[in-house]
Structure formats: C-alpha cells, structure tokens
Amino acid sequence: MNNRRATIFFILGILLTAAALVGITRANYQYVLTDTGMNAFLPAWNGTRELLMKGWSPYSDATLQETQKLAYGRPASQGEEQGLFLYPFYATLIFAPFGLFADFAVARALWMTILELALAGTVGMGINLLGWRLSRWLQMILLVLALVWYFSIRALLDGDAVILSTFFITAAFLAIRTDHDALAGFLWVLASTQGGVMPLVTLFLIVWAVSNQRWSLVMGLLLNAVFLVAVTSLLLPDWAMQWVRQVVAYTKSAFLLTPGSLLFYWLPGVGRQLGQGLMAVMAGLLVWEWRDAWGKDFRWFLWTAYLTLTVTGLIGMPTSLKNYVVMLPALILVLATWYARWGRLGTFLMIISLMVLSFGIWAISIGAVRSDAPLELNPGLFFFFPIFLLVGLYWVRRWAIRPQHLFMDNLNRRLGG
C-alpha cells in the first residue's frame, strides 16, 4: 500500500511539474511576442541556426546581416546593438537544441524556461555547497529573490547566457567539493562561454588547484578545453581567429562598461584616475587573498572564489549589470552565514538585506530610467551591490572559511558562555 501511494505521489509530482513548466513556457512565449528588437539570445540562436541549416560560420558577415534583419528589419545603424556572435564556437553545442526551432519566439521562450530552471538550480546548489541546514522558508525566500531580483530579471528577459554560466560555475564548485575533478573541468569550460566573468576566477582556480596538488582538476580543465576546441575545429578550423576578430570588432564599436568609464562619465576631471586607483586596490586585495588561500581547504577556496567573482567587475574588466547574476551564490553564503551565526539577529539582518537588495535596487533602477543618463552608467546600480557583497563577505569570512568557529560560537551561546 505504501509503495502504491508513493508511486501515485511520484506520478502526480511529475504531472504537476510538467504542467508548471508548460505554464511558465507559455507565459514566456507571451512575453517574447511583445518584445521585439535585438536581445542577447538572438545572435546566439541565429548564429547556431545558420550553422546547422546553411553551414555558415556564426562569425560571418552573412550571419550578422541575417541577425540584424531579424532584429530591425534592416542593417543596424550606428549606435544600435550590432548582434555579433561573441561566444567561443563550442558554445554552439549549448545553443544547438534551440537552433533546431525555426520559430525564434518558441526557441526564446524555451530558452527562458531553461534559464529560470538554472536560477532555481543555482540557489539549490549554492545552499548545498555550504553544508548547512537552512529552514524551508529561508530556501523559498532565496529562490524567490533569485527569480525576481533586478539583475536576474534583466538577464532573464534579455536571454543572457550568464545565468547558465552561473549555474555551471556553481555546479563545478559542487563537483570540486566532492572530488569529481573531470566533471568540474567540463562544467567550467561550459561556463567559460560567458567570457566576461571567467578570466580571474579561472586563474584563481588553477592557482588553488596547483597549491593543493589537485592535478586531476588542472588536467580536467585543460583536457576538456582541448577536447571541445578540437572537436569544434573539425567543423570550423579557423574559428578561434574568427572569434577573436569578432570580439575585437565589438570592443572597437561598443561602449565598454568599467568603473573607470563610469566614473569618467560623471567626473571627467578625475574619474579616470579614480577608476585606476580602484583597480589597483582591488588587484592588491585579490593578490592578498589568493596568497592566503594557497594550500587551503575547499571552504577557503569557495569564499575566495566568491570574492574573486565579486571583484571582477570592479577591477577594470569590461562588464555588464546582467553579469551581477554570477554573484548570487556569494550572496547566499553571506545571508546563510548570518542566519546560522546570529539566530534572530541574523534573521533580521537577512530580511532587511533582502528587502534592500530587492525593492531598493528596483527603486534605483526606476529612478535611473527616468534620468537622462544611460541606465548602465547609474552609479547606484553599478556599485551598490558589489560593495554590499564585499562588506558581507568580509563580515562572514571567519565563519565561512573556518566553519568550526561557527559551531563553537553556537555552542557557547547555547551554554551561556
């Protein structure tokens, strides 16, 4: 009887999940029909589809012209998004299932559903990485935050692959913790399709792996990269050069968002120097923390990796507000540590922070839309969350990298010590 009841509940669970996914995808489809023009997913979908159906390189001028025609009905004008395919060629392996759909609206709706699932998966794995038991209500709050957070919504509605990269990075961390180094290397290479957030944390990953003699992790990363490059080079032998030319063309034609460019916009007299000073401070901070993490265990590595991802946008590398999604697991670490360390006070801090990071950032974005300045150049949107997260990461550093301190503090508190 119990087995039969369990089977019935299992089937009902599958049916309800399927119905929910259908409903979500339908809602995504209705949104897509109202959102025309260029978006982040269009070049990925069209570049991959032209490759599958016509054998065209996703980096070719012909593919670019088709992408612009789909977005604008004409060639893109100066100042408009060009729609360049800026991914390494092996990213077409990820986009290929969606490139099979001739209807872009259907493909984009399904892609958005995958991104929504990736956000949920990132939250689940981010909690699992901590190894702490969190209440169900806290887990649900974190999930809701991930789905309605300003930076998540921006990336989701634009169809930006940074959400999927965040999922792969978090999954790779989980694989590293469980000593599945080959899997971690494969996931890391998949995450590298979103190049803007990966260089520094990849370098730190290699440094830490070498310091701990995790040669299987280093080899897993390198061999998976070589394998994907070699396999895709059979289809397009010179894709690396084509990709580099595409990226160079983008850097010459597009505005590159950095702390220096933002500060120069608002303070043309000293902004560039302030940006350089910030870059120097952040670089020194990373060098110091990487040195401290040399030879340390996984928890120390995880905290430092989160710090590296947080600092990446402040160190002078071109970024986007959508890339802030990659900091979501670090935020989970800060909030969960407050909750586990300070009980009711931690819960209060967490709730206040969630309100500020949700309603507050949305309020800043609404105010930015109403101003004359470009949205990407709003100092509040650019600086507030990374600075908040930097403060939070250092606040919880002691308990995050040495969880035995958390256990002893809780024990002393319960004993009245």
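All values below come from the heavy atoms of this structure, side chains included, with hydrogens, waters and symmetry mates left out. What you are looking at is a predicted structure, and each value in this text was computed from that prediction instead of being measured.
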Check against side chain to side chain donor-acceptor pair (under 3.5 Å), N28 and E116: CA-CA 10 Å; N28 292 336; E116 288 156 348; 3.2 Å; yes
With E50 via salt bridge (charged side-chain N to carboxylate O under 4.0 Å, His left out) - residues at least two apart: K54
How about [X] and [Y]: do any of their side-chain heavy atoms sit closer than 4.5 Å?
X    : Y    : answer
L354 : I141 : yes
M317 : V197 : no
W399 : W338 : no

Under the side chain to side chain donor-acceptor pair (under 3.5 Å) test, which residues partner R74, sequence neighbours left out?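 Side chain to side chain donor-acceptor pair (under 3.5 Å) list for R74, sorted by chain: S77, E80.
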Using side chain to side chain contact (heavy atoms under 4.5 Å, CB included) as the criterion, list what pairs up with [X], not counting sequence neighbours.
X    : result
K69  : none
S216 : D181
A155 : D160, V162, I163, K322, V325
A146 : V123, L328

Write out all pairs satisfying side chain to side chain donor-acceptor pair (under 3.5 Å) with one or both partners inside residues 142-153, taking only residues at least two apart or from two chains.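 Matches after skipping sequence neighbours: Y150-R154.
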Considering only residues two or more places apart or on different chains, which pairs with a residue in residues 246-266 satisfy ring-ring contact (aromatic ring centres under 6.0 Å, His included)?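 Sorted result for residues 246-266: empty, none.
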Can you list, pair by pair, the side-chain donor-acceptor contacts under 3.5 Å of residues 274-291, counting residues two or more places apart and other chains?
residue : atom : partner : partner atom : Å
E289    : OE1  : R397    : NH2          : 3.1
E289    : OE2  : Y394    : OH           : 2.7
W290    : NE1  : T308    : OG1          : 3.1

Going by distance alone, is a donor N or O of one side chain under 3.5 Å from an acceptor N or O of the other, for Q242 and D238?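 Per modelled atom types, Q242 and D238 side chains form a pair under 3.5 Å.
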Just by modelled atom types, is the S57 backbone N or O under 3.5 Å from a matching donor or acceptor in the T63 side chain?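 Side chain of T63 to backbone of S57: a pair is present.
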For residues 84-107, dump all side-chain donor-acceptor pairs below 3.5 Å to protein atoms at least two apart in sequence or in another chain.
residue : atom : partner : partner atom : Å
Y90     : OH   : S192    : OG           : 2.8
T92     : OG1  : F89     : O            : 2.7
D103    : OD1  : A105    : N            : 2.9

Which pairs, with at least one residue in residues 137-151 and sequence neighbours excluded, count as a salt bridge (Lys or Arg N to Asp or Glu O under 4.0 Å)?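 Qualifying pairs, neighbours excluded: none.
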Tell me the salt bridge (Lys or Arg N to Asp or Glu O under 4.0 Å) pairs involving residues 252-264, sequence neighbours left out?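 Pairs touching residues 252-264 that pass the test: none.
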